[in-house]
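Side chains included, hydrogens not; waters and symmetry mates left out as well; all remaining heavy atoms used.
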Amino acid sequence: MPSASLNGESKDSMAQAFRSTRVLTPEGLVPATLLVEGERITGVHGWADVPAVTHLRDFGDFVLLPGLVDSHVHINEPGRTEWEGFETATRAAAAGGVTTLVDMPLNCVPETTDVGALEAKRAAAQGKAWVDWAAWGGVVRGNAEALLDLAGAGIPGFKCFLIHSGIDGFAWVNDADLRQALERLKGTGLPLLVHAEVAGPVNTATEALNDAGADWRAYSTYLASRPDAAEVEAIELLIRLAGDFETPIHIVHLSSARALPLLAEARGRGLPITVETCTQYLWFAAEEIPDGATEYKCAPPVRGAANREALWGALAEGLIDMVTTDHSPCPPAMKRRDEGRWDLAWGGIASLGLALPVLWTAMHRRGVSIDRLGTWMSAAPARLAGLSGRKGALAAGADADIVVFDPDAPLTVTPEDLNFRHKLSPYVGAELQGRVLETWLRGEPVFSLDYFHGAPRGRELVRA
Ligand SMILES: [Zn+2]
């Protein structure tokens, strides 16, 4: 194991040099030495060029990655800490090489739709965060007056739904509400993140399934209840809005590959639209999901294998910008696994900390270069959250958030590998490749294989 004796060394003020034959810099995977002074990277040097009077940490041939940024996570604290919480979510992140989490404004209570709720979240996070974090604000029906105050309080952007969110306290918005919100956000430069499914096609499909007496234990029933059309219609609306306003719009968790031509056309016109997909849409396929296995339930749903490959194609082309987890756990009882009813189970997949080996395994099988990991899981989500320069790259000036990754180590996921609160995940049993050996946050170690260092010292990243 590299640098086994970290105890006590990290507190001294001596500069550190992180060296490997494979360092993922913005220029690609190269032999390099990262000079770290205090919390920051101050230089990227040649492999042999170790500055004098530094503590050399030589990681051999292991890959050094920039700390991952997961811009789509539901931490659920305050208010539903029994679902997850800062302590457990950020532990899972640290063990998975994720050094920055951006929390979604719902499932916590109160929902983050005004400054008071943001302050409650800040208070709840005190002393519990193992990695750095930020909080998206919410756009809901009726909170237009609160948006500029939230922006002024330092959030990186906003999230809204075009369909029922699963949480009654987080009201979805229609075209008119969106126009009101975008009018206010114009000029702030902050992005509006949108859950891009509209209700019409979902309601129509669900009624038809119920009329036909569909079996709600069958995954095919759930998939049919959330048709591609719900995503396509939502994205058509968002493209119109992106054309009418100057506010950047971000499509969260794209599942339907049928929306890709629309997005390509909109981007071709220079509209400010970015797109994410999630690990579950790139790993699983509808054909492989067992009936009743509600740990796979998420919305939009995991679609078929051909759809999955089309998402990979869009990632390769750069049309899809980034990969997040949409980690959205709940107490196991809410998954109602004994009944296996897809219509009654909570929708949300728990996966925080697994995204790196999952994505890397899938990339390796497809012959995709490891270089892309840095773009998809670190640089692009950092940019979305307004953190470029500080997070998302191993480059001079950035925080020294460094992941030591063994891309060849086998990993079979067991419940013991999961550091989030409830050990229920569709990835249990998955045979993966790649292990996080160490995670460093701002120049100090947070995690070494199966061990957490010291106490939580993550900070909120408040936009200046
Ligand atoms: Zn989500």
Side-chain angles (χ1 to χ4, degrees), residues 1-2 20 22-24 29 59 61-73 88-101 130-131 276-285 288 295-296 298 302 308 311-312 315 322-327 329 349-378 380-381 401-420 423-440 446-452:
M1 286 299 303
S20 160
R22 295 190 285 178
V23 179
L24 188 54
L29 197 66
F59 295 97
D61 298 325
F62 290 127
V63 175
L64 300 189
L65 298 169
L68 306 183
V69 177
D70 192 341
S71 56
H72 193 151
V73 174
T88 45
T90 56
R91 253 180 190 271
V98 180
T99 51
T100 303
L101 293 180
W130 287 89
V131 300
E276 86 186 26
T277 190
C278 302
T279 34
Q280 55 265 33
Y281 305 120
L282 297 166
W283 181 257
F284 300 117
E288 301 158 4
E295 64 271 26
Y296 290 82
C298 58
V302 172
R308 174 182 65 190
L311 295 177
W312 276 104
L315 262 175
M322 67 193 75
V323 180
T324 66
T325 62
D326 191 10
H327 173 73
I349 287 181
S351 67
L352 194 51
L354 297 173
L356 176 53
V358 167
L359 198 71
W360 167 237
T361 304
M363 290 167 68
H364 188 70
R365 286 178 187 170
R366 288 170 177 79
V368 181
S369 157
I370 200 167
D371 297 24
R372 306 297 295 273
L373 272 178
T375 307
W376 295 339
M377 302 188 82
S378 193
D401 293 355
I402 300 167
V403 180
V404 183
F405 184 59
D406 178 352
D408 301 314
L411 171 68
T412 301
V413 180
T414 67
E416 294 71 48
D417 293 316
L418 308 175
N419 286 286
F420 43 82
K423 316 302 179 193
L424 181 65
S425 168
Y427 292 101
V428 170
E431 296 191 1
L432 307 178
Q433 174 183 342
R435 286 205 86 132
V436 172
L437 303 180
E438 297 183 16
T439 303
W440 292 69
V446 186
F447 172 81
S448 300
L449 205 52
D450 298 327
Y451 175 77
F452 293 86

task = For the pair Thr279 (side chain) and Thr325 (backbone), establish whether a donor and an acceptor sit closer than 3.5 Å, ignoring hydrogens and angles.
result = no
task = Please work out whether the ring planes of Phe420 and His327 are parallel, tilted or perpendicular, with thresholds of 30° and 60°.
result = tilted
request  = Determine whether Val73 and Val98 make a side-chain contact, defined as any pair of heavy atoms from C-beta on separated by less than 4.5 Å.
outcome  = no
message = Let's go through Arg22 and Leu64 carefully: what are the C-alpha distance in whole Å and the side-chain angles of both, what is the deciding distance for side chain to side chain contact (heavy atoms under 4.5 Å, CB included) to 0.1 Å, and is it a yes or a no?
response = CA-CA 6 Å; Arg22 295 190 285 178; Leu64 300 189; over 6 Å; no
message = Test your reading of the model: is there a side-chain donor-acceptor pair from Thr439 to the backbone of Val403, 3.5 Å cut-off?
response = no
task = Write down the atom of Met322, the atom of Ser71, and the distance for their closest heavy-atom approach.
result = SD-OG, 4.1 Å
query = Arg372 side chain to Leu315 main-chain N or O, any donor-acceptor pair under 3.5 Å?
reply = yes
task = Could you pull out the closest heavy-atom pair between Val446 and Ala94, with the gap in Å?
result = CG1-CB, 3.7 Å
query = Yes or no on side chain to side chain contact (heavy atoms under 4.5 Å, CB included) for Phe405 and Leu24, after CA distance, side-chain angles and deciding distance?
reply = CA-CA 11 Å; Phe405 184 59; Leu24 188 54; over 6 Å; no
request  = Determine, stepwise, if the pair Asp326 / Gln280 fulfils side chain to side chain contact (heavy atoms under 4.5 Å, CB included).
outcome  = CA-CA 9 Å; Asp326 191 10; Gln280 55 265 33; 4.1 Å; yes
ask   = Going through the distances and angles, do Leu65 and Ser378 end up as a side chain to side chain contact (heavy atoms under 4.5 Å, CB included)?
value = CA-CA 9 Å; Leu65 298 169; Ser378 193; over 6 Å; no
request  = Apply the side chain to side chain contact (heavy atoms under 4.5 Å, CB included) test between Leu432 and each candidate in Leu359, Leu356, Thr412, Val413; give the one that qualifies.
outcome  = Val413
request  = Output yes when a side-chain donor or acceptor of Thr90 lies under 3.5 Å from a complementary backbone atom of Trp130, and no otherwise.
outcome  = yes
request  = Determine yes or no for a side-chain-to-main-chain donor-acceptor pair under 3.5 angstrom, with Trp360 supplying the side chain and Pro407 the backbone.
outcome  = yes
task = Kindly determine whether Tyr427 and Phe284 satisfy ring pair (Phe, Tyr, Trp, His ring centres under 6.0 Å), including the steps that lead there.
result = CA-CA 9 Å; Tyr427 292 101; Phe284 300 117; 4.8 Å; yes
task = Identify the residue among Leu418, Thr414, Asp417 that makes a side chain to side chain contact (heavy atoms under 4.5 Å, CB included) with Lys423.
result = Leu418
